[in-house]
Protein chains: 2
Amino acid sequence: MTTKTTGADSTATDPRTGDPLTGVAATSVDEAEALISAAAAASSDWAALPRPKRARLLRRVADGLEAKGAAIVAAADTETALGPARLENELRRTTGQLRMFAAEIESGHYLQALVTEADPTAGVPDLRRMRFPRGPVVVFAASNFPLAFSVAGGDTASALAAGCPVVVKAHENHPVTAELVAEVLRRELPDDVFALCHGREAGTALLEHPATTAVGFTGSLQGGVALARICRDRPVPIPFFGELSSLNPVVVMEDAATAYGLRIAQEFAASLTLGNGQFCTKPGLLFVPADGPMRELVADAIGASTTGVLLTASMREHYLDHPGHERLPLLARGQSDPGSPLSVSPEVRFVDSASYDEALPLLIAERFGPAGVVITYTSQADLIAMLKRLPGNLTGSVHSTVGSPDADPKTDLAAAAQVRAVAEVLSKCSGRLIHNGWPTGVAVTLAQHHGGPFPATTDAATTSVGVTAIERWLIPVAYQDWPDSLLPPELQRANPLGVPRREA
Amino acid sequence: MTTKTTGADSTATDPRTGDPLTGVAATSVDEAEALISAAAAASSDWAALPRPKRARLLRRVADGLEAKGAAIVAAADTETALGPARLENELRRTTGQLRMFAAEIESGHYLQALVTEADPTAGVPDLRRMRFPRGPVVVFAASNFPLAFSVAGGDTASALAAGCPVVVKAHENHPVTAELVAEVLRRELPDDVFALCHGREAGTALLEHPATTAVGFTGSLQGGVALARICRDRPVPIPFFGELSSLNPVVVMEDAATAYGLRIAQEFAASLTLGNGQFCTKPGLLFVPADGPMRELVADAIGASTTGVLLTASMREHYLDHPGHERLPLLARGQSDPGSPLSVSPEVRFVDSASYDEALPLLIAERFGPAGVVITYTSQADLIAMLKRLPGNLTGSVHSTVGSPDADPKTDLAAAAQVRAVAEVLSKCSGRLIHNGWPTGVAVTLAQHHGGPFPATTDAATTSVGVTAIERWLIPVAYQDWPDSLLPPELQRANPLGVPRREA
C-alpha cells in the first residue's frame, strides 16, 4: 500500500479507534475535468470494441482483483472495520459481478435487438433497433460496501460492460482501498476508459461537465437529492440513477407468528445487526400481531444481540443522536462490543397502531445502523391501513405458513387471501417481495431487482443489482432502410453474430 | 356534436378563417383532482384485469372510434384544417396503435419476465421478476396530431395497455374532437379508467396530485421543460416522458447529390411541407455539398412548393415572427394557398460552413411550420465538424449511393466509410437513422424508436411511438421464494399462460 498525502477531503479514520488514517489527496476540479474529457475521447473506441473483447477485459479485471485480494481486503478492513470474512465475501461478489456482466454482453440479450421487416405494400420501412452505450458515466462510490458498491462495484461493472467509460468519485471513508482497486482497472483497461477521483468538488465538477451522460449513486437521501438536482438543472439534463433510502418493512402474519415466532424473532435480530445494520436492505420495520408473544420474543432476541463499530465516528453520532428516535418507547437494547470503545448497541423501539400516525414521520427517516422498530397490528384491516402509508422501499417481506407443510389446510385459503392482500399493498411500495426470508443478502442474478419507488431510488424502473442493471447505461437507436453493409453486425439481415432478436 | 359552454381556457379558432369556434368549458381544479383520485381507486382492478380482457377492451375502443369516424374526422377538420384525407389516415393510425398494443399485451413480451431458479448450494434464492403498471398516468395531448397524439393516441393506448388508468388533458385547439373521442373511451372502458379534462389549471393540478405516477407529453420545448419541473419538484418526484423539439438533420452525400440531386430536392420540399411543416420529424436542416447544383435544385423545388394554413393564428404569428430567422439569408420561398387568407409560405434559409457557428443559436430554436435551412459543406471534415455541434434529435438522415445499383464499385468502399463516419456522429444525437428516405412518416411497429437525446425528449431511453412505448408505464417487481399459489400466473413455475420468459 502506497502512502499518499492527505488532501482536504480525506476524512478517513480508523473506525475501531477513531484515529485518523493515511488519506489520499483530493482531485482538483481541473484534473477531474481532464479525466472526464479523456473518457469522452475514449468513448467511441470502447463502445466499438467487439463484445467478446470487452468481456475478456472485464474478466481480466476480476482476475486482477483476486490476485491482489489479500491487500485489498486488508486495506478495506483497516478503513471500514467490516472484518476479513465479510470483505472476502464482498470481493467474491465484486468479481462475480464483473464476470456476470461479461457473460451478459457476450450473450447479446441486453442489446434488446428488434427487427421490423419492410412491408412496401403497407408503406412500412425496414426498421432495426438495438441499444447502444450512452457515453461517459460517473459513479459515486458508497461507504457501506467498499468493494461491491464502490470503485469496481456493480455500477462500474455494468457501465463498462455496456460500453461506457467510467469515472468514479471515491468514497472519502475508504480512499486507499479505492486506489488499490483502481490500479487494477487502470492496468487492465484501455487508457482513459476508467478513472478515479477524490473529493466532493471533483465529484460536483464531473456532474456539471457536458461530457457526462449519466450518473450512478448509492448513498443517503439528502446527498442523492442534492446531486440529482445538479443533474436536472444542467443545460442538457442527464439521468441520475440513485439508490437512496429504504425501511424494508417485514410483516409477520398471525399464522407464522404462531408457527415460527421464536425463529422469526431470532432471524430478525440477526438480519437487523448483520454488517452492524449498515445495509440498505436492513429490515427496519417489523409488523407483528398485537396478540401473542411476538413482541416479547423480539425483545429477548434483541436483548441477546451484539454489534460492533459503525463505519465512521460521524455515522455513530448520527445513530446515537438520530432526531426524535427517543420519543418512541424502547423495546429492547442489545450489547455493544466490549472490545470496541466506539461500538454501538442494537436497539429496537416500539409503536402500536394507535400511535402509528403520530410516529410515522419518525419511522420514515432512515436510521443507519442496527436500529429497528416493532409495530403491532390488531387486525388485518389495521395492518393494511398502516402498510398503505409507507413510502417507497427496496424490499417488503412477509412471513406466513402459506405453501408450507405447517399450513393448516382448513385455514390455508383464508391465510393465502390475507397474504395476497398484504402483498398487493407491499408491491406498490417495494421493488422486491420476499416470502419467509429476510431482505439482507441481495443475490446477484438475472431476475434480481434492487430498486423501488422513491425514496428507495430515483427511478423505479431501474435496478442497481443484477443483470438488468446494465439497462441504465444504454439508449436505443433505430436504423431505417439502412444498407446491410453499414449496419452494426447485430442488426444485419443474416444476424451473423447470432444475437437474440425479436422480429415482426 | 354537442354544444358546450365556452370556458376560460378554450381558445379554439377556425384556422381557415380565424373565427372563434365552439369551445368546451375548462375543468375546475376540484374536478380534475376528483378524476385522478377516481383513477387511482380504479387502478388495482384495471391492473389485475387479465391481459386478454384488457386487449379486448382496447379493440372495442378502436372499433368504436371507427364507427364514429366520420363525425370525428369532421370535427378535427373544423378545428385543425388538416383536411379529411390526412385525418382519415391519422384515425387509421390511432386505431392501429390500439390494436397493436392489444396484441402486445396478449403476447406477454412487454412483461420482460425473468426467472432465476433457486440454487441452495450457492445460497441463491428463487427470484421471479416481471413488470407491473405504475398506476394512474396523465397524458397531455399534442396540437399537431388531433387523433394519433391526442386523447386516444399512442401515450393513452400504451398506458391503458400497460394496465394504467389515464387522465388526458385535452389540447385547447381541438376540444370538441377531444370530447368526441373521449366519449368512446368512457363508453368502452370500466368506470374511471379513462377521463378527460380541459384547461391549463386542471393540467397542473393533475401533475401535482399525489396519485399521479407518470406523465406523457408531446409539445413545445418551453412548455415541456416547465411541466417537467413540476414533476421533479414534487415531494415524491414522478417521471415526465416528454417529446419536445427536434431539427431532424438530413445529410446529402456528394455521390447522392450527383446521382439523385433533383429527386432529393423535390422530396425535401415535399417532406418539409407535409402537414404544413407541423411534424416533430420535419427535416429542418439539409446539409448539401457546396459544389454542385444541390443548393439551386432545392431553391427551385421550394419555389414551386405551396402550403396551407397552420393550426392556429398564434402558430402563424410564431412562424412569421420567429426570432432571428430573418438574419439568415433567404434561399427560396414557396407559395401560400391563394384560397386561404391565413396561409403561410414555405421558406428555406441558407447557411454556409463559414457562417455556421454564428448561425447555430438561430438554427437550434425549432421553427414550427414549413421552414427549413440548407447548409452547405465544403468537405467531409467540414460536414462532420458541423454535425458534431447539433443538439439531440428524433431523427438523422443520410442520402448516399451505398448499397444501391447506382453505386460505383470503384469508389463504393470509400463512400461507405464516409457514410459510416457521418452515421457515427448522427447516432450520438438522433434516435432514428434513415437512409435514402425522409423523417416524416413514423411507422408504428415493433422496432420503431421515436425518441432521442435532449431536447428531442426528456428521456433518451424511451420512445413515444411503437411497441416499446409501453415500457414507460411499467416498473419491475421481483418475488423471492414466493409460494407458487400466490404468484401472478405469468411467474408461476409451470408458466401456465406460456408467456415468454428468460430463465437462468
Side-chain angles (χ1 to χ4, degrees), chain A residues 44 109 114-116 123-125 127-129 132 134-135 232 236-237 239 391-392 402-403 416 419-420 423-424 427-428 430-437 441 443 445-449 451 453-454 458-461 463 467-468 471 474-486 502 504, chain B residues 44 109 114-116 123-125 127-129 132 134-135 232 236-237 239 391-392 402-403 416 419-420 423-424 427-428 430-437 441 443 445-449 451 453-454 458-461 463 467-468 471 474-486 502 504:
Chain A
S44 289
H109 272 106
L114 304 175
V115 174
T116 301
V124 173
L127 276 164
R128 294 162 186 275
R129 175 186 128 148
F132 293 83
R134 287 182 184 271
R232 291 164 184 167
V236 175
V402 174
V419 174
R420 211 172 269 120
E424 162 83 13
S427 73
K428 301 285 181 227
S430 320
R432 176 167 53 114
L433 297 188
I434 301 151
H435 190 254
N436 289 358
T445 66
L446 173 64
Q448 184 57 273
H449 182 63
F454 186 90
T458 54
D459 183 347
T463 177
V467 166
T468 53
E471 294 179 353
L474 299 160
I475 51 176
V477 174
Y479 289 83
Q480 179 172 325
D481 292 332
W482 207 254
D484 220 46
S485 63
L486 297 179
R502 188 175 164 202
Chain B
S44 288
H109 271 106
L114 305 175
V115 174
T116 302
V124 173
L127 277 165
R128 295 164 184 275
R129 177 186 127 148
F132 293 83
R134 288 181 183 270
R232 290 164 184 168
V236 174
V402 173
V419 174
R420 208 172 271 120
E424 162 83 13
S427 74
K428 300 285 180 226
S430 319
R432 176 167 55 114
L433 298 188
I434 300 151
H435 190 254
N436 288 358
T445 66
L446 173 65
Q448 184 56 275
H449 182 62
F454 186 89
T458 55
D459 183 347
T463 176
V467 166
T468 54
E471 295 180 352
L474 300 160
I475 52 175
V477 175
Y479 290 84
Q480 179 171 324
D481 292 333
W482 206 253
D484 221 45
S485 62
L486 297 178
R502 186 175 165 203

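Reminder, nothing fancy here: chain letters follow the sequence lines and each chain counts from 1. Note that these values count all heavy atoms, side chains included, but never hydrogens, waters or copies made by symmetry.
- Put simply, of A:Ile475, A:Thr458, A:Asp459, A:Leu474, the one with the most heavy-atom pairs under 4.5 Å next to chain B is A:Ile475.
- Contact of B:Val402 with chain A is made through backbone and side chain together, with heavy-atom distances under 4.5 Å.
- When B:Ser44, B:Ser485, B:Pro237, B:Ala423 are compared by the number of non-hydrogen pairs under 4.5 Å with chain A, B:Pro237 comes out ahead.
- Summarising the geometry, atom CD1 belonging to B:Ile434 is positioned 8.5 Å from atom CH2 belonging to A:Trp482; distances are rounded to the nearest 0.5 Å.
- When the candidates A:Thr445, A:Leu127, A:Leu433 are compared by the number of heavy-atom contacts under 4.5 Å with chain B, A:Leu433 comes out ahead.
- For chain A, the option among B:Ala504, B:Gly431, B:Ala443 with the highest count of heavy-atom pairs below 4.5 Å is B:Gly431.
- Contact of B:Arg128 with chain A is made through the backbone alone, with heavy-atom distances under 4.5 Å.
- Judged by distance alone, the side chains of B:Gln448 and A:Thr116 never bring a donor and an acceptor atom under 3.5 Å apart.
- When each of B:Arg420, B:Arg432, B:Glu471 is checked for heavy-atom pairs under 4.5 Å with chain A, B:Arg432 comes out on top.
- Here B:Phe132 contributes atom CZ and A:Lys428 contributes atom NZ; the two are 8.5 Å apart, rounded to the nearest 0.5 Å.
- Applying the side-chain hydrogen bond (donor to acceptor under 3.5 Å, both in side chains) rule to B:Arg502 yields the partners A:Glu104, A:His109; only residues at least two apart in sequence or on another chain are considered.
- Taking 4.5 Å as the limit, every side-chain heavy atom of A:His435 sits out of range of all side-chain heavy atoms of B:Pro125.
- The closest side-chain heavy-atom distance from A:Arg129 to B:Thr463 is below 4.5 Å.
- Contact count against chain A (heavy-atom pairs under 4.5 Å) is highest for B:Leu446 among B:Val115, B:Val419, B:Leu446.
- Residue B:Leu114 holds its CG atom at 6.5 Å from OG1 of A:Thr468, rounded to the nearest 0.5 Å.
- Between A:Ala478 and B:Ala447, the shortest heavy-atom contact is CB-O, 3.7 Å.
- Looking only at heavy-atom pairs under 4.5 Å with chain B, the residue among A:Ser427, A:Pro476, A:Ala460 that has the most is A:Pro476.
- Neither the backbone nor the side chain of B:Asn436 comes within contact range of chain A; no heavy atom of the residue lies under 4.5 Å from a heavy atom of that chain.
- For chain A, no part of B:Pro239 is nearby; none of its heavy atoms comes within less than 4.5 Å.
- When the candidates A:Val124, A:Asp481, A:Val467 are compared by the number of heavy-atom contacts under 4.5 Å with chain B, A:Asp481 comes out ahead.
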